[in-house]
Amino acid sequence: MTARIVRGMLSVWLAVSVCFFALRVLPGDAISAVLLGSGASAQTLQERRAALGLNQPVLIQYGVFIGGVLRGDLGVSLLNGRPVSTIIAENAPATISLGLGALAVAVGVGGAVGTAAGSKRFAPPAELLLGLATSIPVYWTGTLAMYLFADRLNWLPSGGAGSFAQLMMPASILGLQAGGAIGAVLAAGLRQTRDADYLRTAHAKGLSGAAVWRRHHLPNAIAPTISMIALQTGFLMGGAVITETLFSRPGLGRTLLNAVIQQDYPVVQGIVVWSAATYALINAGADALNGIIDPRIRHAVS
Amino acid sequence: MTQSFTTAFIPGSRRGFVMLCILVLFSGCIPAQQSASAVQATNRIVYGLTFEPSGFDPHLNASSELGIPLRSVYDTLVYRDPANGQFIPGLASEWSVSPDGLVYTFQLRQGVMFHDGTAFNAQAVAANLDRITNPANASQKAIFMLGTYERYEIIDDYAIRLILSAPYSPLLDSLSQVYLGMASPTALAAFSNERYQFHQVGTGPFQFVEYIPGDRLVIRRSPTYTWNPPFYQPTTTQSVDEIEFRFFSDPSSRSIALESGDAQIMGELLPTDARLLAGRDDLTVAPVSVPGQPLQFMFNTAQFPTNDLRVRQALLFGTNRDVIVNTIFQRFSPVAWGPLAASTLYYTDQVVGAYGYDPTQARALLEAAGFADADGNGFYDASGGDLEVTLIVPGWGFVPEVAQLIQDQWRTIGVRAVLDSAPSRSLVVERVNAGAYHLVAFYSFGLDPALLNDYFVTGAVNNWMNYSNPDLDRLLIDAAAQTDPAARAASYNQAQRLIMAEALILPIRDYINLNAYSRAVAAPSFDVYGWFPILHNLALSSG
């Protein structure tokens, strides 16, 4: 268990550090961008940078940043002075509700279509569906759905967040794509174990088809699917940039995109800390769950 | 919950039932964000904004977007009459400028209250100026708009003097803008800088209700507003009482939101979408010209071959701006001919028509400059290769599309254009500082041509042309210091013609704020700066 925590923290640290230095490799900074065309003199630019500590050597800035993270202080936005933790707290609920909505759609769609694709009978059409779900970009399905359900039929609002109706379209669009990946992994797992001896034995001892599927086939095939669900969940909790932008929703993805464009380093770093941490947490949870379902994994891990 | 929620239940009970089941399952994870605005005003509309600015504090932040709602939350000391651009009283009932242009004295209107009940007076003006000029507050725009402002002197409760270190005629223009709007000193004292943007208090026709980042900003009509400038018309039963501003950062979602009725007014449409919407009878497209510097490319005069006037002129002659405006901007934007958009103060139409599309003339000029195509590959030769110019191409404002057309057009005049794309503002600055470019695209907004000084005066911070001409310096510096309109007009007339005679820039198009509104509202009007709607006059259509 301790090893797992250390591993999780290491991966968070790595992700955050890579992000920190990658941002600073880019030329320019938020101050010159925001003051472009304002008439500010070169001296004013220098003073503003100095006030924010941007003129210090990168390694010192890195030390200050890591020290802050360890104390639970993610710093403040370079552009409006607001605490990064507040910005994350404001945007996380919208991202989490979109993520959970998408996850429900993904597990439902992925589970059903993946099961069909893993069977002998329905495999060809189901696989086609899964292929389409993963390969059609969200941008395209989203615009199409918006045109159809908001503009033509006027069933759902075109964007925004707060109500369930506003969640339906983006969650379905996003969930469809995640569901494609989940379904594909589930189908592969089911196919691999389909001809296993223990399943033939189970059938031979007279168990019904459903019972075999529930007690022997699915539990043996599901471990990679759970890992995939965890992967997708972590991905969704980091914020869905395109979906949030397209549907004009608040959220971490859209905030991250704006912060990257404006080179607002602390905000970008803070959201990466959040994403990496939730990612590590969810994966640890999935590992534990797999251990409960499949004793082989439990023994291998501990 | 809101209307959108209930309408989702209307067309069929079965879908409603399924949705209800899902709703019950998920009700726990939906944030409760229906707060203050749940009390619905009668005449309420949704106004679509585009990119969400990083901050909504007009004293501290710089975007044009913030002024769209907040122009109507704050009053300014002076206003500009939208009919003729003249200064008219706002919170200052009268003002005078000393003959040397160094002292501006304002008599303040009495009986004005901020939305929180604080009285407006000279101390309030002083508190606003203190906040804007405090270096620790790092104002991104307002502080620079004050120019040579040095300090204030309170004469009495309703009179204040602003003292400058050098004459600076754009001061009144600055004081008429939302960035120097008057905020309640009580609210400014009660909230830290990063919190104030959520609790803004002005004296304007609308009061600030709430701002939820990423989602919405709501303002509601103030019941006590009586100190309006004359162009604010009397309210009627049709007047809009509450406006919810929403952010539609994806351009294609803007026209859909408008068509589906999720927004009644939308700014910054894509020109192609606006062209399609223009054909509909339930929507009206309303283009508004934004004064300032048109979309243009500045020539780097310090670099071969654009250090040669004939080359710069040839590139101007070789650019077919009609084609650019017709295809990319769908004819919504007029062609720009000089350093100022036609809606800018002191603009002269004497530059119109200079350097109209003439590829023959362009080739003649290049040949006069000594270029020839010895290897016969269709491009003129220069230093062992083809005649090449590099364009820094910012990733916004349709510049990439414009640059591609230019690249194509210059092929006909034997010049190879290399496009150096710079997706962010800081990358543009970085490329310019590196110096290896011949043209860089730029545009800016503002009514007073004093903004040209930051670009064309020798050594100015944005003199990306690396140009220096004592005559032009004198014209621009004098014009910014003069207060006599006729003298300013004469100086700016000369300056604009000189800039084009020297072919320092390649103007492309005047910036157009491409709005559209649904038939639910009467035609919105905008102030002289082009970006800011006069929300006080906004009304539902009576049809």
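Letters A, B, ... mirror the listed sequences (proteins, then strands); counts begin at 1. Bear in mind that the values here come from a model prediction, so they are computed numbers and not experimental data.
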Open item on the list: Please find the pair of heavy atoms, one from A:Pro83 and one from A:Val76, that lie closest to each other, and give the distance.
Closed with: CA-CG1, 4.0 Å

Task: Options B:Arg246, B:Gln293, B:Glu430, ranked by heavy-atom pairs under 4.5 Å with chain A, top entry - done: B:Glu430

Task: Pick from A:Leu246, A:Thr255, A:Asp264 with the largest number of heavy-atom pairs that fall under 4.5 Å of chain B - done: A:Leu246

TODO: State, with a plain yes or no, whether a side-chain heavy atom of A:Leu78 is found less than 4.5 Å away from one of A:Pro266.
DONE: yes

Task: Toward chain B, the part of A:Ser77 with a non-hydrogen atom under 4.5 Å - done: neither

Open item on the list: What I want to find out is whether B:Arg254 reaches B:Asp273 closely enough, with some N-O distance under 4.0 Å, to be called a salt bridge.
Closed with: no

Open item on the list: Which atoms of B:Glu259 are under 4.5 Å from chain A, going by heavy atoms: the side chain, the backbone, both sets, or neither?
Closed with: both

Open item on the list: Heavy-atom cut-off 4.5 Å, strictly under: side chain, backbone, both or neither for B:Ile143 against chain A?
Closed with: side chain

Open item on the list: Quick check on the interface: out of A:Ala40, A:Gly142, A:Ala42, who has the most heavy-atom pairs with chain B under 4.5 Å?
Closed with: A:Ala40

- [ ] Start with the C-alpha gap between A:Ser38 and B:Gln140, add the side-chain angles, then the distance that decides, and say whether side chain to side chain donor-acceptor pair (under 3.5 Å) holds.
- [x] CA-CA 7 Å; A:Ser38 68; B:Gln140 294 160 1; over 6 Å; no

Open item on the list: In the structure I gave you, are the side-chain heavy atoms of A:Pro250 and A:Asn91 within less than 4.5 Å of one another anywhere?
Closed with: yes

Open item on the list: Tell me whether A:Phe235 at atom CZ has more than 12 heavy atoms from other residues, nucleotides or ligands lying less than 6.0 Å away.
Closed with: no

TODO: Could you tell me whether the side chain of A:Ser158 reaches within less than 4.5 Å of the side chain of B:Asp262, counting heavy atoms only?
DONE: yes

- [ ] Check whether A:Asp29 gets within reach of chain B through its side chain, its backbone, both or neither, counting any heavy atom under 4.5 Å.
- [x] backbone

- [ ] Pick one of side chain, backbone, both or neither for B:Arg195, based on which atoms fall under 4.5 Å of a heavy atom in chain A.
- [x] side chain

Task: Under 4.5 Å from any heavy atom of chain A - which part of B:Tyr179 - done: neither

Task: Per-residue contact mode, B:Trp464 against chain A (heavy atom under 4.5 angstrom) - done: side chain

Task: Part of B:Asn462 lying under 4.5 Å from any heavy atom of chain A - done: side chain

Open item on the list: Could you check whether any side-chain heavy atom of B:Thr133 comes within less than 4.5 Å of a side-chain heavy atom of B:Tyr149, counting everything from C-beta outward?
Closed with: yes

Open item on the list: For B:Phe442, which atoms come within 4.5 Å of any heavy atom of chain A: side chain, backbone, both, or neither?
Closed with: side chain

Open item on the list: Between A:Tyr265 and A:Phe65, is there a side-chain heavy-atom distance shorter than 4.5 Å?
Closed with: no

TODO: Give, as side chain, backbone, both or neither, the part of B:Ser249 having an atom under 4.5 angstrom from any heavy atom of chain A.
DONE: both

TODO: Name the member of B:Gly261, B:Ser252, B:Ser426, B:Pro251 that forms the most heavy-atom pairs with chain A at distances under 4.5 Å.
DONE: B:Ser426

Task: Region of B:Asp454 in contact with chain A, defined by heavy-atom distances below 4.5 Å - done: side chain

TODO: Report the option among A:Leu36, A:Thr245, A:Ile31, A:Leu79 that has the most heavy-atom pairs separated by less than 4.5 Å from atoms of chain B.
DONE: A:Leu36

Open item on the list: I need the residue from B:Asp250, B:Leu258, B:Asp57 with the largest number of non-hydrogen atom pairs under 4.5 Å to chain A.
Closed with: B:Asp250

TODO: State, to 0.1 Å, how close B:Asn137 and B:Arg131 come at their nearest heavy-atom pair, and which atoms those are.
DONE: ND2-O, 2.8 Å

TODO: Against chain B, label A:Arg249 side chain, backbone, both or neither, depending on which of its atoms sit under 4.5 Å from a heavy atom there.
DONE: backbone

Open item on the list: Please find the pair of heavy atoms, one from A:Ala240 and one from A:Leu98, that lie closest to each other, and give the distance.
Closed with: CB-CD2, 4.4 Å

- [ ] Side chain from CB out, backbone as N, CA, C, O: work out which of these in B:Phe56 comes under 4.5 Å of a heavy atom of chain A, or both, or neither.
- [x] neither

TODO: Heavy-atom pairs under 4.5 Å with chain B are the metric here; pick the option from A:Met146, A:Gln262, A:Arg82 that has the most.
DONE: A:Arg82

Open item on the list: Tell me the closest heavy-atom pair linking A:Ala50 and A:Asn55, and the distance in Å.
Closed with: CB-ND2, 3.4 Å

Task: B:Gln197, part contacting chain A, at a heavy-atom distance under 4.5 Å - done: side chain

Open item on the list: Both conditions, 6.0 Å and 45 degrees, for the charged tip of A:Arg24 above the ring of A:Phe20: are they met here?
Closed with: yes

